[in-house]
There are 2 protein chains.
Amino acid sequence: MTHFPFQRLQSELASLIAHTPGGQRLPSEPELARQMGVSRATLREAMRSFETQGLIRRRQGAGTFVVGQVSVMESGLEVLESLDTMAKRQNLEVTVSDLQVEKMFADQDVANGLIVPLGTRVTRVRRVVRAEGRPVAYLVDTLPEEIFRPDDLPTSFHGSVLDYLIHRGDPLNVARANITAIGATAEVAKSLEIQRGDVLLHFHSQVYDKSGKVLTYTFSYFIPGYFHFHVVRRVGNG
Amino acid sequence: MTHFPFQRLQSELASLIAHTPGGQRLPSEPELARQMGVSRATLREAMRSFETQGLIRRRQGAGTFVVGQVSVMESGLEVLESLDTMAKRQNLEVTVSDLQVEKMFADQDVANGLIVPLGTRVTRVRRVVRAEGRPVAYLVDTLPEEIFRPDDLPTSFHGSVLDYLIHRGDPLNVARANITAIGATAEVAKSLEIQRGDVLLHFHSQVYDKSGKVLTYTFSYFIPGYFHFHVVRRVGNG
DNA sequence: TTGTGTCTAGTTGTCTGACAAATTCAAGTG
DNA sequence: CACTTGAATTTGTCAGACAACTAGACACAA
């Protein structure tokens, strides 16, 4: 079943990339194509696939570079904590960039997520989390305006909606997170400085207060490799 | 930043794919390339990216098809249950194929996962789970041979190692699952009938018995869209 | 009728060669 | 030293061609 050059190619390229230190440049495309015995067009299709997986990055005029792994953030999913808290716990330095706070009205999706009527006034908070300067996560919180108004934004606000709510003393209770894997959309790709379609871990979660009301509805996008999420599962009929 | 044909293309193609019913064929590559005003080479790179995301599937000689979503399996991660159990609970029909049981010796990775000495005799169980005929998950269990010998395989064994252990009355306790997103490796891609590098949700988990011993070390690969995994998270400072 | 083999038009897979656009870096210039 | 220029290198895109494969139509024999 390995008749096609494309499949041989992927195998050899995967090995080459795995054995090349992060940040280092790969041979040029004409050079690689000759080495692997395929045309540049076929090589480029394979490269596109690896780029979609986030393993390499291509820059016109400069070359193709292997993306290296950096330190990972480890978290148990049973406990809800902000990335900031999570990073502090592990002595990692994270920064927040591209912070955007805006007013909007709930569309169907937001209305379902927050369990509010369509058209309700809501506040949306978007931000990019960076580790060692590189984007590693993109977070979009949407909250009812009665919970959080852009004007309320204190100077101490450093980007974590969760930390802010906790610090403010809101009666948070639990969160429900849906977990899946997706390819980056245009908006997410731009924010995370990756290509549309690149592999991402995606959480799609709601934070409830003690009365069962939804305080915030959050979309989280994580670049794989920087995070280790784990969860403890009890046996079914236990 | 949208100067390159490739980026315009991805946007238009994403829309086209989203608006095309599942299972339906897209226009041929020369036709599409003309419509979108790009060369076939550029079009194919974009197509490769969408194929990597699992949104389309290309078949030489036949055409390019949009893969449609089918019914989803919903599961809370707090409770450990087999896909079989999970499907039954929701009246979905799943089948198991490509069941392979083999003996091997623990390599470094398996030894770490099972917490046994390097070279310990282990049993590996591989299988593909299908819903509506299509592969949706690929599972690889590795167990110490003292827990599970291939010869022990009862006729009732239908592919679920977990269900087997539970039914046998083993004192299962908890499982720890690590969650991430990855691109498919060659082995996984072949089993799931997708392309190497396609987006997958990946669990990497261990099941412990009441004494803290690891009973099985499992790699699970899920094609996104067929599953809804969720988890309830408690607020940090409870 | 049913099944089988063959043919053909259409589709994806790959190749070759070329040019455009961006980057890098060294040499030149004030 | 700061800035410009220009050549070499590298990725982005294009055009056209042929090979490999698929699906459907068709003829023909059982």
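For the numbers below, each heavy atom of this structure counts, side chains included, while hydrogens, waters and symmetry mates do not.
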Q. So what does B:Arg44 touch, heavy atoms closer than 4.0 Å: a base, only the sugar-phosphate, or nothing?
A. base
Q. For B:Arg25 and C:dG10, is the shortest distance between a side-chain N/O and OP1 or OP2 below 4.0 Å?
A. no
Q. Can you list the residues that meet the side-chain contact (heavy atoms from CB on, under 4.5 Å) rule with B:Ala41, with sequence neighbours excluded?
A. B:Ser39
(Q) Between C1' on D:dG12 and CD on A:Glu45, what's the gap in Å once rounded to a whole number? (A) 14 Å
**Q.** Rounded distance (Å) that lies between atom C1' of C:dT12 and atom CE of B:Met47
**A.** 10 Å
Look for any protein N or O under 3.5 Å of an N or O in nucleotides 17-19 of chain D and output each such pair with its distance, or none.
{"residue": "D:dA17", "atom": "N6", "partner": "B:Arg40", "partner atom": "NH1", "Å": "3.2"}

Q: Would you kindly compare A:Gly61 and A:Ala41 by the position of their nearest DNA chain D nucleotide and give the one closer to the 5′ end?
A: A:Gly61
(Q) Tell me every residue that passes side-chain contact (heavy atoms from CB on, under 4.5 Å) with B:Ser205, counting only those two or more places apart in sequence or in another chain. (A) B:Ala177, B:Thr218
Q: Check whether any side-chain nitrogen or oxygen of A:Thr42 sits under 4.0 Å from OP1 or OP2 of C:dG13, and answer yes or no.
A: no
Q: Rounded off to whole Å, could you give me the CZ-to-P distance for the A:Arg57 and D:dG12 pair?
A: 11 Å
Q.
Can you list everything that forms a salt bridge (Lys or Arg N to Asp or Glu O under 4.0 Å) with A:Arg34? Sequence neighbours excluded, please.
A. A:Glu31
Q: Tell me, please, which residues at least two apart from A:Tyr138 pass ring-ring contact (aromatic ring centres under 6.0 Å, His included).
A: none
Q. Can you list the residues that meet the salt bridge (Lys or Arg N to Asp or Glu O under 4.0 Å) rule with A:Asp198, with sequence neighbours excluded?
A. none
Q | Residues that B:Phe222 engages under ring-ring contact (aromatic ring centres under 6.0 Å, His included), provided they are two or more places apart | A | B:Phe203, B:Phe227, B:Phe229
Q. Got a sec, which residues hit side-chain contact (heavy atoms from CB on, under 4.5 Å) with B:Thr95, two or more places apart in sequence or on another chain?
A. B:Arg130
Q: Sequence neighbours left out, what passes salt bridge (Lys or Arg N to Asp or Glu O under 4.0 Å) with A:Arg59? Give chain and number order.
A: none
Q: Return the value, rounded to whole Å, for the distance between atom CD of A:Glu29 and atom P of C:dA22.
A: 16 Å
Q) How many Å lie between CZ on B:Arg48 and C1' on C:dG13, as a whole number? A) 9 Å
Q. Does a side-chain N-to-carboxylate-O contact under 4.0 Å join A:Glu45 and A:Arg48?
A. no
Q.
I need the single residue from A:Val188, A:Ile194, A:Leu201 that forms a side-chain contact (heavy atoms from CB on, under 4.5 Å) with A:Tyr221. Which is it?
A. A:Val188
Q: List in chain and number order the residues that pass salt bridge (Lys or Arg N to Asp or Glu O under 4.0 Å) with A:Glu12, two or more places apart in sequence or in another chain; answer none if no residue qualifies.
A: none
**Q.** Bend angle of the helix from C:dT1-D:dA30 to C:dG30-D:dC1, end axes from five pairs each (to 10°)
**A.** 20°
Q) Starting at CD of A:Gln195 and ending at C1' of D:dT11, how long is that distance when rounded to a whole Å? A) 13 Å
**Q.** Presence of A:Arg58 side-chain N/O under 4.0 Å of D:dT10 phosphate oxygens OP1/OP2
**A.** no
Q: Determine: side-chain N/O of A:Thr64 to OP1/OP2 of D:dT10, distance under 4.0 Å, yes or no.
A: no
Q | Shortest non-hydrogen contact from B:Leu9 toward B:Thr42 | A | CD1-O, 3.7 Å
Q. Rounding to a whole Å, what distance do you find between B:Leu9:CG and D:dG12:C1'?
A. 13 Å
Q. Over how many whole Å does the gap from B:Arg59 atom CZ to D:dG24 atom P extend?
A. 10 Å
Polar-atom pairs under 3.5 Å, protein N or O versus N or O of nucleotides 4-9 of chain C: list them with distances, or write none.
none

